[in-house]
Amino acid sequence: MSATNYNPYENAQAQFDKVAAMLGLDEGTCQLLRQPQQEVHFTIPVKMDDGTTKIFKAFRFQHSTARGPAKGGIRFHPHETADTVRALSMWMTWKCAVVDIPLGGGKGGVICDPRTMSQGEQERLCRGYIRHLWKELGNTVDVPAPDVMTNGQHMMWFMDEYETITGQHVPGMITGKPVGLGGSLGRTEATGFGVITCLNEALKKMELPIEKTTASIQGFGNVAEYAARKYTALGGKLIAVSCWNATDKVAYTFRKLTGCNAEELASIKDSFGSIDKEKAIALGYEVLPGDAWLSQDVDIIIPAALENQITPAVFGNISKTVKVICEAANGPTTPDCDPLIQERGLMLVPDFLCNAGGVTCSYFEQVQCNMNYFWTKEEVLEKLDSAMTKAFLDVYELAQEKKLYMRDAAYTIAINRVANAAKVRGWV
Ligand code: GLU
């Protein structure tokens, strides 16, 4: 099966069903948690710069509010589907639960390509999204955030439209806002830094000093960039970075065997994570095919782009030197790879644990907005580091104690917390 034949929602349900069966969850709870609680599908008419009107398909799904307001990003992607949003909303529930923050799970998406839209068109799209959806959102209801191809500017348009309609200041209705405008210091770095906190804890357990390791990353968007910065700052050697090239419309792997410089690569990328090929060559990078990131002789692979990137069809390409898969993206590995990962005895840092730093910092941002008092960057990053370390150790220790696969251990903790909230509320 090629990556495009995998349905992320079926993957998310298969992962859930496996652990729900292990836990002996009752049928009612299973039915409640294996699908979103609420789905809103709608269209947004946008006046384009050329005078035509384009209709965009949009979604916002709330998977679970058992533990608190729904929480999760809004993605802009030409290949967005309802099933991708369903899966991502489910993963948000487990993500918030595994780090034990009092939030549920949700996700939104718009089928569009912001890379081909002007700023004005994107602003009108964002405002249209809120005009349709504002009644379903709010500080105590459902709180969006950035995701694939959305950023702080989009969050400000969403927030401004919401505040204009409701006639109040509610910066806590959305997170990932720019610093000084209700955003939290550290939010930009949070997901990538959290990935490396988990990785570092995993390496300590494996008695592998991070400064003696090598890694290869797929993606160079926000998550990958800050993971790369943190990993190299801690002394790790980054061998390769693969990303989509906006000019040639293909992916390339940029490799430097003496070690990639994350700051340098960040300085030659566009806001969507596309690294400039010519500038990279001038800086001494080799340009290899897009999938070469997976077959590098490194200790750690970090898929930090989109879902369904590691399938059984490419699993054999992973170098025998690899010891750790650190899933920075949401759903990068298909469930049929899980037995292969276990057979090879690889350490897995599963996605909704690995990348929970973003939503954890979003939670801190919401707390600060609601207090109208903002912490220093050091305070935020310290709180983030301890939350991520604790979440990793909880999962790792359960995996050791019950001899569980790391993904199943993370699911066990998350599902138990959500199922318990639903039970105590009297829903099931
Ligand atoms: N989009 C990010 C994620 O998938 C962050 C979500 C949030 O901060 O609410 O975790």
Side-chain angles (χ1 to χ4, degrees), residues 8 12 59-65 67-77 80 84-99 101-110 137-152 154-155 158-159 171-178 182-195 197-198 219 221-227 273 303-307 327-332 349-369 380 383-384 387-388 391 410 414:
F59 314 97
R60 182 73 189 175
F61 300 167
Q62 298 170 353
H63 171 257
S64 173
T65 56
R67 285 173 44 87
K71 186 84 193 78
I74 298 175
R75 316 200 322 164
F76 285 175
H77 201 279
E80 194 63 274
T84 313
V85 180
R86 286 188 183 105
L88 290 159
S89 73
M90 256 177 114
W91 287 326
M92 283 311 302
T93 300
W94 314 135
K95 200 179 292 194
C96 293
V98 82
V99 277
I101 54 178
L103 296 167
K107 204 79 168 199
V110 181
L137 302 175
N139 193 25
T140 58
V141 184
D142 181 356
V143 184
D147 203 285
V148 171
M149 289 206 273
T150 54
N151 57 36
H154 299 107
M155 299 308 112
F158 288 133
M159 187 192 80
M173 65 77 53
I174 201 158
T175 61
K177 301 179 296 296
S184 175
L185 289 162
R187 177 65 185 85
T188 311
E189 297 89 341
T191 316
F193 280 17
V195 166
T197 300
C198 286
N222 172 268
V223 178
E225 178 191 327
Y226 284 94
L306 291 173
E307 55 280 354
E327 294 181 332
N330 291 312
V349 187
D351 55 357
F352 66 83
L353 165 67
C354 188
N355 66 32
V359 77
T360 303
C361 195
S362 275
Y363 167 60
F364 296 153
E365 178 176 335
Q366 232 203 344
V367 169
Q368 294 170 83
C369 284
V380 174
K383 285 184 195 345
L384 180 70
M388 292 302 293

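Both ligands and their constituent atoms are indexed starting at 1 by order of listing. Keep in mind it's a predicted model, so treat the numbers as computed, not measured.
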* Asked: Is it the case that Thr84 and Lys107 place a side-chain donor and acceptor less than 3.5 Å from each other?
  ->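 Absent: no donor and acceptor within the cut-off.
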Under 3.5 Å: N or O atoms of ligand 1 paired with protein N or O:
residue  : atom   : partner : partner atom : Å
ligand 1 : 1 (N)  : Pro146  : O            : 2.9
ligand 1 : 1 (N)  : Asp147  : OD2          : 2.7
ligand 1 : 4 (O)  : Lys95   : NZ           : 3.0
ligand 1 : 4 (O)  : Lys107  : NZ           : 3.0
ligand 1 : 4 (O)  : Asp147  : OD2          : 3.4
ligand 1 : 4 (O)  : Asn330  : ND2          : 3.3
ligand 1 : 8 (O)  : Arg187  : NH2          : 3.1
ligand 1 : 8 (O)  : Ser362  : OG           : 2.5
ligand 1 : 9 (O)  : Lys71   : NZ           : 2.7
ligand 1 : 10 (O) : Lys95   : NZ           : 2.7

* **Residues that Ala70 engages under side chain to side chain contact (heavy atoms under 4.5 Å, CB included), provided they are two or more places apart** =>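 Partners of Ala70 under the side chain to side chain contact (heavy atoms under 4.5 Å, CB included) test: Gln62, Thr65, Asp142.
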* Evaluate side chain to side chain donor-acceptor pair (under 3.5 Å) for Ser64 paired with Thr93, printing each intermediate quantity in order. => CA-CA 6 Å; Ser64 173; Thr93 300; 4.8 Å; no
* Can you name the residues that form a ring pair (Phe, Tyr, Trp, His ring centres under 6.0 Å) with Phe193, not counting sequence neighbours? -> none
* Taking only residues two or more places apart in sequence or in another chain, which ones pass ring pair (Phe, Tyr, Trp, His ring centres under 6.0 Å) with Phe158? ->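 Residues passing ring pair (Phe, Tyr, Trp, His ring centres under 6.0 Å) with Phe158: Tyr129.
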* Note, Val99 side chain near Met388 side chain (heavy atom, < 4.5 Å) -> yes
